[in-house]
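Here's the structure we're looking at; comments come further down.
Quick note: residue numbers are just sequence positions, from 1.
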Amino acid sequence: MPVVLVVLTLAVIFAALSIKMVQQANVKVIERLGRYHKTANAGLNVILPFFDSIRDTIDMREQIMRTQKQPVITRDNVTMQVDCVVYWQVLDPVKATYEIQDRVRGLDQMALSTLRNVIGDLDLDHTLTSRDMISTKIRAAMDESTNRWGVKVTRVELMDIEPPQEVKQTMEKQMTAERQRRAAVTAAEGAKQAAILQAEGEKQAVVLRAQGVRDAAILEADGKGQALLRVAQGEADSIGAVAGAIGQRADPSQYLIAVKYLDALRAIAQDANRTVFLPYEASAALASLGGIRELLSPGDGARGIAVDAPKAKA
């Protein structure tokens, strides 16, 4: 009976030592007699007690590692404090176990050295404005080196870039000057636009005034033209009436000339002390006027025209 109890106890202990449980997203590296034997995945795994041993338990999830702030010198000899966050993941647990002694420390030191190399090739301005480019270069350099470790660097993020205090003050002054310059440029642009708009308004006002004067002149000229046209039409009607009255027996132009002579003689005859000498052509015109008077006498059946010529010396 005691022997059976001892055997059962040894069997339970052997079973307990043989069964190993691995959690999800973890793996265990198993060695047999000091050499790599297999990789135990998530779930129940059976090993040989006293022959097999667990070398390492590795988390296969993506890991986060933040470096400490380190002094970094730029290409233009500006020293600044920089730190970053490295995201990495184990892809090959065997390499991660046997190719490097301390993965985390190795990644930390590699991140710092790569950060110094990348920023050392840039000046201050590019360092402050090119975070994405710096992160990409660091990730590519680290991933190439950690590939033989079975580790994949997924991304690198720069957390803080802190330049020296005097550089901060210079940057603040530069920023203030830039803002003042932009304000001055904006004010100048506003004044320019206002001047342009004012000039455009004055130009349009002058054009409108000129158009108004032109339209008024056109209307006035049209009115005068209409009046002259009506006067001319009246005179034409009068001449036509005279021509119709005298018919073929006299020239209407002689009648009109004679009328003009008579109007001039009336104006001259206003002065009783004035002696007027009429040219020969005027006598002929008055004679023709007398002939026309005879033609237009009431005896001919037409409306009579009274012609009183002033006395003058020939």
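- S113 contributes a side-chain N or O that, together with a main-chain N or O of M110, makes up a donor-acceptor pair within less than 3.5 Å.
- Closest approach of I100 to G106, counting heavy atoms only: CD1-CA, 4.2 Å.
- Within the 4.5 Å cutoff, the side chain of M80 has no heavy atoms near those of the P71 side chain.
- Residue Q198 qualifies as open at atom CD: its count of foreign heavy atoms under 6.0 Å is 12 or below.
- D52 CG to R35 CZ: the interatomic distance, rounded to the nearest 0.5 Å, is 13.5 Å.
- Here CE of M175 is found 13.0 Å from CD of Q180. Values are rounded to the nearest 0.5 Å.
- Residues M133 and V82 are members of one and the same hydrophobic cluster, defined by side-chain heavy-atom contacts under 4.5 angstrom among Ile, Leu, Val, Met, Phe, Trp and Tyr.
- Residues I161 and V86 fall within the same hydrophobic cluster, defined by Ile, Leu, Val, Met, Phe, Trp and Tyr side chains chained together at heavy-atom separations under 4.5 Å.
- The shortest side-chain heavy-atom distance between V22 and N41 does not fall under the 4.5 Å cut-off.
- In this structure, the side chains of L44 and I19 come closer than 4.5 Å at one or more pairs of heavy atoms.
- Residues Y36 and V94 are in side-chain contact: their nearest non-hydrogen atoms beyond the backbone lie under 4.5 Å apart.
- Counting only heavy atoms from C-beta outward, the side chains of T154 and E62 approach each other to under 4.5 Å.
- A donor-acceptor pair under 3.5 Å is absent between the side-chain atoms of E99 and the main chain of T97, judged by distance alone.
- Between D143 and K152, at least one side-chain nitrogen of the basic residue sits less than 4.0 Å from a carboxylate oxygen of the acidic one, meeting the salt-bridge criterion.
- The backbone N or O of D83 lies less than 3.5 Å from no partner atom in the side chain of Q68, so there is not a single donor-acceptor pair.
- A donor-acceptor distance shorter than 3.5 angstrom exists from the side chain of R103 to the backbone of A96, with no hydrogens or angles considered.
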As a quick check of understanding, evaluate side chain to side chain contact (heavy atoms under 4.5 Å, CB included) for R209 and V213, giving each step before the final call. CA-CA 6 Å; R209 284 196 294 269; V213 172; 5.5 Å; no

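- The shortest side-chain heavy-atom distance between L122 and R75 does not fall under the 4.5 Å cut-off.
- Hydrophobic clustering, with ILVMFWY side chains joined whenever heavy atoms are under 4.5 angstrom apart, groups L115 together with V104.
- Heavy-atom contacts from other residues, nucleotides or ligands closer than 6.0 Å to CD of E220 number 12 or fewer.
- In the displayed structure, H126 atom NE2 is contacted under 6.0 Å by at most 12 heavy atoms of other residues, nucleotides or ligands.
- Distance CG/D59 to CD/Q23: 9.5 Å, rounded to 0.5 Å.
- More than 12 heavy atoms of other residues, nucleotides or ligands shown are found within 6.0 angstrom of CG on D222.
- L107 is listed as a side-chain neighbour of M142, based on a closest heavy-atom distance under 4.5 Å.
- The neighbour count for E144 CD, taken as heavy atoms of other residues, nucleotides or ligands under 6.0 Å away, does not exceed 12.
- Remark: side-chain polar atoms of D76 are not paired, donor with acceptor, to backbone N or O of D123 under 3.5 angstrom.
- Between atom CD1 of residue I138 and atom CD of residue E157 there is a gap of 10.0 Å, rounded to the nearest 0.5 Å.
- Taking 4.5 Å as the limit, some side-chain heavy atom of K28 sits within range of a side-chain heavy atom of I30.
- The OG atom of S53 sits 7.5 Å away from atom CD1 of I47, with the distance rounded to the nearest 0.5 Å.
- Between the side chain of T67 and the main chain of L112, no donor-acceptor pair closer than 3.5 Å is present.
- Counting non-hydrogen atoms of neighbouring residues, nucleotides and ligands closer than 6.0 angstrom, the CG atom of L91 exceeds 12 such neighbours.
- Enclosure of atom CZ in R32 by more than 12 non-hydrogen atoms of other residues, nucleotides or ligands within 6.0 angstrom is indicated.
- R131 CZ: more than 12 foreign heavy atoms inside a 6.0 Å radius.
- V85 and V72 sit in two unconnected hydrophobic clusters of ILVMFWY residues. Membership requires side-chain heavy atoms under 4.5 Å apart, directly or through other members.
- At a threshold of 4.5 Å between side-chain heavy atoms, the hydrophobic network of Ile, Leu, Val, Met, Phe, Trp and Tyr places Y98 and I58 in one connected group.
- Interatomic distance, Q63 CD to Q89 CD, rounded to the nearest 0.5 Å: 8.5 Å.
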